[in-house]
Structure formats: structure tokens, C-alpha cells
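Read the structure below first, then the notes.
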Amino acid sequence: MESRYPKFTFTWIGGIVLLAGLFTGTMITSLFNVFWMFIFKESLQYKDWFFMLANASGFLVAIAFFDFFIVRQTTGKKLNFNFSPTNFYTYLLIFPMMAGMMFIAEFIAAQIPTTGPFFGKYYEFFTRLMEQLTDDPVVMIITAVICAPIFEEIIFRGIIQKGLINKGVKPWKAIVSASVIFGLVHANPWQFVGAVLLGCVLGLVYEKTKSLLLPMLLHGFNNLCSTLLITYTKKESFAEAFQVSEWIILAVGIVLFSLFCYLFMTKYKVHYNEI
């Protein structure tokens, strides 16, 4: 039986196509802003919703470029992914596993300096940048909890990781590679650590379940927790929110991740394949 999912591969050419799409999508929104300024004498770049639009358009055009210039040209099929849900037992395994890695990632990221001649200035710049993104919690949730998990999982797990595996790269190498790229695009050392570690969990879940829905839900869960922490505590820190030591957060994280990762790897059985 022929699969309805295209067996495309990911190479450096595909990476260039994604970057070209991202640039094109960003330019489209920038040109729209220039047009708006010319007609209405008002800049949209300070509107919260415009940030959300610019972010979404960049990802959408990048995915469309990869679909048209890579997937359709090499496979004759359009880009398509498995978004099948799974049984409730699986969710009881993957969400605690994700939470455990979130705690571990927070502890490791907290060890990176935020002061000094290099890290201090960089951290101040990064903090100001994050504060300027949006003050509207609704826009923040839509952007970070809904849009980002959908678009980013399609690109990093659905396109890059899957494309590398289709090329013949061992799954664990493809998972790590996609996660490192995922970390690099965050462009700062504090989010890099978390993105790589959490990306490995997302990649593992995708590889084992063959469904892109599950890493999207886990990604959204992580971003929701971060958004709530920033909104109500002004610090993206579980340790400060719970008023406990970072070492306790690390210990709980290790226990949660180790236990539920073991159960997921040994007890979970794949219920479907991409056919």
C-alpha cells in the first residue's frame, strides 16, 4: 500500500529554501507595514497583533517554500503529516516526562552567567528584547502557545528531523541535529539549552509515535508554563514560583524524566505507522 505521506529528504538545499521562505514571509509583512504607513500614516510594528502576524507569515511561507520547491519537485506529492491522536495512557507518560526535562533544563540554564563583560550586556539586551515583544497576554498566548508549537514542530520535527531520517541518518542523530538547530535559532545561550534538551524529548516522542500532534501539544504545554510564569511572576523560573531551591527542581526533574522516559520507552507500543 502506497503511503500518502511523501518520503522527502532534508539537505542543505532544503535549509536554504526554508531560510528563503522565512525571509520572504518577513519581507511581505514589512512591505505591508510600509504600505500602511504610506496610506494611514501609522506604523504597525508597535501593534501587538502585528508581531503575531509577522511571526506566523514567516513560518507559513517557509513551510510553503519547502513544500513547493523540495517536496513536490522530488516526490510528486504535497507536504503531509500524521496528526493522529493516541491513547490516554500515552499522554500520562509524555507530559510528566516533558515536565521533568523542563525542570532539568531550567537548572542547567540557570548556571549560565547573566553578568560580566559579555554575558551581562547580552542578557540585558535579551531581556529588553523579550519585554518589547508584547504586553498583551492574549496575543502572547496565541503566539507562544498555539502558533509557535504548530509551525516550529512542522519545521524542526516534521521537516528537518523526518527529512534527515528519510535520508538515512540514524534516528538519534536526526533528533539531536534537529534539536541543536532548534536551539540555535533562539539566538541566546539561556534558551539554547532548554530548546536543545526539550527538542530531544519532542523528537523522541515524534519518532516513537509517528504523530506530529503529540510534540505540538508538549511544545504548547512548555510554552504555556513559560508564559504563565512570565505573566504572574515576571521570572521564567519554577524555583522562584514555588519558592524552592534550584537543586530541588533539578532532583524532581531527574526523577520525573527518568521514570516516565523509562515507562515510555519500554511500555509504550506504537499503535500506527505512516501509511
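- Between W247 and I249 the shortest side-chain heavy-atom distance does not fall below 4.5 Å.
- Counting only heavy atoms from C-beta outward, the side chains of F103 and F257 never approach each other to under 4.5 Å.
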Evaluation steps, side-chain contact (heavy atoms from CB on, under 4.5 Å), between M98 and L202: CA-CA 8 Å; M98 185 68 171; L202 297 171; 3.9 Å; yes
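- Residues F23 and I160 are members of separate hydrophobic clusters, defined by side-chain heavy-atom contacts under 4.5 angstrom among Ile, Leu, Val, Met, Phe, Trp and Tyr.
- Of all heavy-atom pairs spanning E153 and L212, the tightest one is O-CD1, 3.7 Å.
- At a threshold of 4.5 Å between non-hydrogen side-chain atoms, the residues L213 and P85 count as touching.
- A ring pair (Phe, Tyr, Trp, His ring centres under 6.0 Å) with F95 holds for exactly one of F88, F264, Y89, F221; it is F221.
- Using cut-offs of 30° and 60° on the angle between ring planes, the pair F69 and F65 is perpendicular.
- L22 has its side chain out of reach of L18: every pair of non-hydrogen atoms, C-beta onward, lies at least 4.5 Å apart.
- A distance of 6.0 Å separates OG1 of T143 from CG of N55, quoted to the nearest 0.5 Å.
- Transitive grouping of hydrophobic side chains (ILVMFWY, heavy atoms separated by less than 4.5 Å) brings F156 and W12 into a common cluster.
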Please test K208 against M265 for side-chain contact (heavy atoms from CB on, under 4.5 Å), starting from the C-alpha separation and ending with a verdict. CA-CA 8 Å; K208 195 154 178 68; M265 295 297 293; 4.1 Å; yes
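- Taking hydrophobic clusters as Ile, Leu, Val, Met, Phe, Trp and Tyr residues chained together by side-chain heavy-atom distances below 4.5 Å, L204 shares a cluster with L93.
- Put simply, the side chain of Q111 reaches to within 4.5 Å of the side chain of E246, judged on heavy atoms.
- Contact between T227 and M140 at its shortest, heavy atoms only, is CG2-SD, 3.4 Å.
- Under a cut-off of 6.0 angstrom, the local environment of CH2 in W49 is crowded, with over 12 non-hydrogen atoms contributed by other residues, nucleotides or ligands.
- Counting only residues at least two apart or on different chains, the side chain to side chain donor-acceptor pair (under 3.5 Å) pairs with a member in residues 62-75 are D67-R72.
- Taken to the nearest 0.5 Å, the NZ atom of K170 stands 13.5 Å off from the CD1 atom of I175.
- Of all heavy-atom pairs spanning A195 and G183, the tightest one is CB-CA, 3.5 Å.
- Distance alone, capped at 3.5 Å, places no donor-acceptor pair between the T90 side chain and the T86 backbone.
- In the hydrophobic clustering of this structure, M97 does not group with L92; members are Ile, Leu, Val, Met, Phe, Trp, Tyr whose side-chain heavy atoms approach within less than 4.5 Å, directly or through other members.
- N33 and S30 are not linked by any side-chain donor-acceptor pair at a separation below 3.5 angstrom, with hydrogens and angles left out of the test.
- A distance of 9.5 Å separates CZ in F10 from CZ in F8, rounded to the nearest 0.5 Å.
- Here the closest heavy-atom approach between residue S57 and residue T29 is recorded as OG-CG2, 2.8 Å.
- Ring centroid separation for the pair H219 and F182 comes in under the 6.0 Å cut-off.
- Residues F68 and V17 form no side-chain contact, since every pair of their non-hydrogen atoms from C-beta on lies 4.5 Å or further apart.
- To the nearest 0.5 angstrom, S226 atom OG is 8.5 Å from Q191 atom CD.
- Contact between A105 and V193 at its shortest, heavy atoms only, is O-CG1, 4.3 Å.
- A salt bridge links K47 with E42: at least one charged nitrogen is closer than 4.0 Å to a carboxylate oxygen.
- Within a 6.0 Å sphere centred on OH of Y91, heavy atoms belonging to other residues, nucleotides or ligands number more than 12.
- Closest non-hydrogen pair, G199 versus S179, comes out as C-OG, 2.9 Å.
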Go through E207 and W172 one step at a time and tell me if the side-chain contact (heavy atoms from CB on, under 4.5 Å) criterion holds. CA-CA 9 Å; E207 168 60 19; W172 73 267; over 6 Å; no
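- Here Y5 contributes atom OH and K162 contributes atom NZ; the two are 8.0 Å apart, rounded to the nearest 0.5 Å.
- With a 4.5 Å cut-off on side-chain heavy atoms, L184 and F192 count as touching.
- Separating the CG atom in L60 from the OG1 atom in T24 is a distance of 13.0 Å, to the nearest 0.5 Å.
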One pair to check against side-chain contact (heavy atoms from CB on, under 4.5 Å): W36 and S43. What are the steps and the verdict? CA-CA 7 Å; W36 190 273; S43 176; over 6 Å; no
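- Counting heavy atoms from C-beta outward, S177 and V169 have side chains that stay 4.5 Å or more apart.
- Note on I254: it clusters hydrophobically with L259, by side-chain heavy-atom contacts below 4.5 Å among ILVMFWY residues.
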